[in-house]
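As the structure is a prediction and not an experimental result, all values here were calculated from the model.
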Amino acid sequence: MDDFRRTFEQQLAAALPGAEIALERPRSGELGDLAFPCFRAAKQVGKNPVQLSQELAAAIHIEGALLMAAGPYLNLKLAPEARAKAVLGAILQAPAERPYGSRPANGKKVIVEYSSPNIAKLFTIGHLRSTMIGHALAQAHQFLGYTVVRLNHLGDWGTQFGTLLAAYTRWAQDENPDLDADFDWAEVAPERRRTPLFRLFQLYVRFHAEEENDPAMRDEARAWFKRLENNDPRARELWKRFRDLSLAEFQRIYDRLGVRFDTLEEGEAFYEAQLGPTLKRLEASGLLVEGDRGARIIHLEDVGIATPCLVQKGDGASIYATRDLAAALYRKATYHFDRCLYVVGTDQVLHFQQIFAVLDKLDPWFKGRMLHTPFGMVKLPEGKMSTRKGNVIFLEDVLDEARERVAAIIQEKNPDLQDKADVAEMLGMGAVVFFDAMNDRVKPITFTWDRVIALDGDTGPYVQYAHARIMSVLRKAGGDWAAKAQAGAAKGPFIAFVPTPLPSDLEGLQAPEAQALLFELAGLPGAIAAVADGCMATPLARQLVAVARSFSGFYTNCPILAPENTPEARDARLALCVATARALCQGLFLMGIQAPDEM
RNA sequence: GCGCCCAUAGCUCAGCUGGAUAGAGCAUCAGGCUUCGAACCUGAGGGUCGGGCGUUCGAGUCGCUCUGGGCGCACCA
């Protein structure tokens with residue numbers, strides 16, 4: 001396809017000297033494979049776009065392709081066999097280390113900061129957004145040739161930690177120091193959740209509840225954080241314990257989600273030693289000003305931000321802005337990145353505007369490199385979720401529920417399936433994660449069980465089902481067909497498939513449904529590129545659905561193993577199945593979803 | 001009060017830098033398994049793209065304005 005694109009562009013450039021040649025993808029494969037909208041060029045040469053496209057259609061000839069004027073568009077449509085050859089070739093003959101849609105290394109480095117949960121808080125459905133969007137962005141960038149650094153800005157520092165220390169001191173350290181017994185004041189939790197970490201969480205929630213009526217407690221929490229920053233041994237000891245407890249839990253969840261980071265060490269606390277130097281540097285630059293109550297701030301009115309950035313609290317303790325600034329400076333020195341993405345919710349847009357503005361003032365190097373990728377918050381029908389208030393949906397409950405619902409369907413439709421539990425997990429995860437990607441927008445999401453765990457229609461399991469059906473056909477085909485679609489080991493985001501020769505005769509793919517499927521497969525590389533460009537997984541998710549849907553059309557209309565098929569037609573169709581399976585498997589994997597062979 | 005974001009079918013959402021007849025899923029209705037997996041497929045109904053004004057050859061997309069919602073507005077993150 002790239003060859004045709006290049007030739008088409010060259011011919012257009014020759015016919016229209018000086019014109020800007022920007023090709024598009026037509027709405028459907030019926031229209032063609034590549035489209036040249038003539039509007040701008042027509043203006044430049046002083047012609048009517050409809051007329052220009054007709055003239056170009058008559059003037060340009062490309063072997064194996066048809067050039068057709070469709071109103072103001074000039075469409076290049078490949079002959080059915082040329083399309084099949086181009087698309088299947090690109091997928092089946094891609095080198096194992098450079099799968100279809102990937103690009104060679106481009107020498108650029110991008111940091112993706114994502115997930116970033118707070119210590120002693122359990123993962124909620126809200127955390128899934130940052131985690132999986134960030135994961136998909138990291139995967140897509142690496143797939144497209146970037147060097148990717150995956151960072152987790154763990155919330156292991158700050159006044160919230162003071163809250164935890166204060167609460168522990170008040171209600172646990174004497175009667176329940178190891179947090180191994182239930183609190184008599186807390187409501188009884190389900191068995192699975194009765195862990196020390198959960199009790200820590202209960203302490204946190206209780207503190208915030210009581211703090212409402214007793215503002216002095218807020219000072220108590222701040223004082224504890226101050227002690228922590230001043231190296232108080234008791235505070236440090238508890239800090240380490242709570243952090244270790246949380247990390248073990250987080251790791252379990254990341255393993256379940258298939259998400260990994262280059263390091264979990266560079267959380268907020270990591271920058272503690274750099275806070276002083278950061279403040280000094282801000283001071284030396286002359287940006288730092290005294291604010292109310294002895295706080296130190298940086299004014300940003302001159303760049304259109306009314307709220308100043310507070311970098312040191314009145315009591316001298318640091319605040320998250322200080323740590324984000326220190327982190328950015330550290331990352332510049334350590335990673336020399338080209339782009340740094342912050343996958344953090346929309347409620348922090350102002351915060352990042354401030355941080356980026358301060359960095360621009362401090363060092364012009366940062367200009368244009370820092371990017372906040374905000375996402376809408378997950379809300380409940382009755383309102384905002386709040387960890388502090390305890391009205392939250394825990395991620396594991398959602399994943400477990402999804403798994404159970406899938407397991408019930410498996411029991412009904414395919415009771416003899418091997419590895420039922422594993423498959424149920426893959427499909428449940430697929431449903432939840434895919435739902436999130438389909439909705440990637442800045443808009444908030446209202447959580448309901450049936451929405452998030454939907455299993456019909458445009459869902460992960462729908463795409464996974466297409467993959468499973470293909471594998472089933474390939475197994476029935478015998479020979480080494482199934483092996484050809486078998487995923488090899490993944491290296492980073494790349495799934496290795498052994499390059500496979502094309503069938504010499506592709507006439508069996510003339511049917512419109514086969515052509516439509518080829519057209520959608522051809523759309524995948526663009527969709528993956530759009531993930532990185534737009535910093536969202538949505539285009540890929542939607543293109544995978546398009547592929548799965550057109551596969552279903554192909555499957556129902558073009559018998560693959562029917563005895564009346566010629567061996568050539570059968571092989572051509574099987575090759576298309578293999579290509580589709582590879583593409584689906586790789587595409588889902590970029591999103592953090594696995595494609596089972598059976599379900 | 002100020003700032004940012006959002007508004008598309010009954011519901012949930014797509015719609016790439018303005019460009020081909022505004023598309024999916026769910027729900028509803030009507031069909032399709034003696035044939036490769038029906039977790040599927042085919043078809044139907046359903047739209048003043050929140051209202052108004054403007055820019056443009058052309059606006060769901062850009063600008064202004066109104067209405068309705070979300071978020072934020074220094075010592076939480």
(message) Assuming nearest nucleotide by heavy-atom distance, tell me which of Arg469(A) and Phe39(A) is located more 5' along RNA chain B.
(response) Phe39(A)
(request) May I ask you to say what Arg25(A) touches in the nucleic acid, namely base, sugar-phosphate or nothing, with a heavy-atom cut-off under 4.0 Å? (result) nothing
(message) Students often get this wrong, so: under 4.0 angstrom with heavy atoms, is Arg222(A) touching a base, only sugar-phosphate, or nothing?
(response) sugar-phosphate
(request) Have a look at Met599(A) and say if it touches a base, only the backbone sugar-phosphate, or nothing, with a 4.0 Å heavy-atom cut-off. (result) base
(request) Quick one: label Gln354(A) by what it contacts on the DNA or RNA (base, sugar-phosphate, nothing), any heavy atom closer than 4.0 Å. (result) nothing
(message) Syn if the chi torsion is within 90° of 0, anti otherwise; quick check, which is C6(B)?
(response) anti
Pick out the pairs of N or O atoms, protein on one side and nucleotides 10-15 of chain B on the other, that lie under 3.5 Å.
unit_1: U12(B); atom_1: O3'; unit_2: Arg451(A); atom_2: NH2; d: 3.1
unit_1: U12(B); atom_1: O2'; unit_2: Arg451(A); atom_2: NE; d: 3.3
unit_1: U12(B); atom_1: O2'; unit_2: Arg451(A); atom_2: NH2; d: 2.7
unit_1: C13(B); atom_1: OP1; unit_2: Arg451(A); atom_2: NH2; d: 3.4
unit_1: A14(B); atom_1: OP1; unit_2: Arg441(A); atom_2: NE; d: 3.4
unit_1: A14(B); atom_1: O2'; unit_2: Arg542(A); atom_2: NE; d: 3.0

(request) Test the Arg25(A)-Phe519(A) pair against the cation-pi criterion, namely NZ or CZ under 6.0 angstrom from the six-membered ring centroid and within 45° of the ring axis. (result) yes
(request) Take the protein atom NZ of Lys43(A) and the nucleotide atom C1' of G18(B), then report the distance between them rounded to whole Å. (result) 11 Å
(request) Provide the distance between the two P atoms, one in G60(B) and one in C16(B), to the nearest whole Å. (result) 12 Å
(request) Answer yes or no: are there more than 12 heavy-atom neighbours, outside Glu20(A) itself, under 6.0 Å from its atom CD? (result) no
(request) May I ask you to check whether His208(A) and Glu211(A) show a side-chain donor-acceptor distance below 3.5 Å? (result) yes
(request) Rounded to the nearest angstrom, tell me the gap between atom CG in Leu561(A) and atom C1' in G37(B). (result) 12 Å
(request) Can you tell me the distance, in whole Å, between the CG atom of Asp315(A) and the C1' atom of C76(B)? (result) 13 Å
(request) Classify the side chain of Tyr320(A) and the base of A77(B) as holding, or not holding, a donor-acceptor pair under 3.5 Å. (result) yes
(request) Grab the CZ-P distance between Phe352(A) and A74(B) for me, whole Å please. (result) 17 Å
(request) Please figure out whether Asn414(A) or Tyr462(A) has its closest RNA chain B nucleotide nearer the 5' end. (result) Asn414(A)
(request) Fit a plane to each ring of Trp239(A) and Phe161(A), take the angle between them on a 0 to 90° scale, and name the class: parallel (under 30°), tilted (30 to 60°) or perpendicular (over 60°). (result) tilted
All N/O donor-acceptor pairs, side-chain side in residues 424-434 of chain A, below 3.5 Å, sequence neighbours left out:
unit_1: Glu425(A); atom_1: OE1; unit_2: Arg256(A); atom_2: NH2; d: 3.1
unit_1: Glu425(A); atom_1: OE1; unit_2: Arg403(A); atom_2: NH1; d: 3.1
unit_1: Glu425(A); atom_1: OE2; unit_2: Arg256(A); atom_2: NE; d: 2.8

(request) Rounded off to whole Å, could you give me the CD1-to-C1' distance for the Ile21(A) and U17(B) pair? (result) 16 Å
(message) Using the side-chain heavy atoms of Arg549(A), tell me which of these nucleotides is nearest: C41(B), C36(B), C75(B).
(response) C41(B)
(request) Quickly work out the Phe551(A) CZ to A39(B) P distance and round it to whole Å. (result) 14 Å
(message) How many whole angstroms separate atom CE of Met385(A) from atom P of C71(B)?
(response) 13 Å
(request) May I ask you to say what Ile319(A) touches in the nucleic acid, namely base, sugar-phosphate or nothing, with a heavy-atom cut-off under 4.0 Å? (result) sugar-phosphate
(message) With no hydrogens and no angle check, just 3.5 Å: does a side-chain donor-acceptor pair link Arg441(A) and Thr538(A)?
(response) no
(request) Remember a base hit wins even if backbone is also touched, and classify Ile410(A) as base, sugar-phosphate or nothing at under 4.0 Å, heavy atoms. (result) base
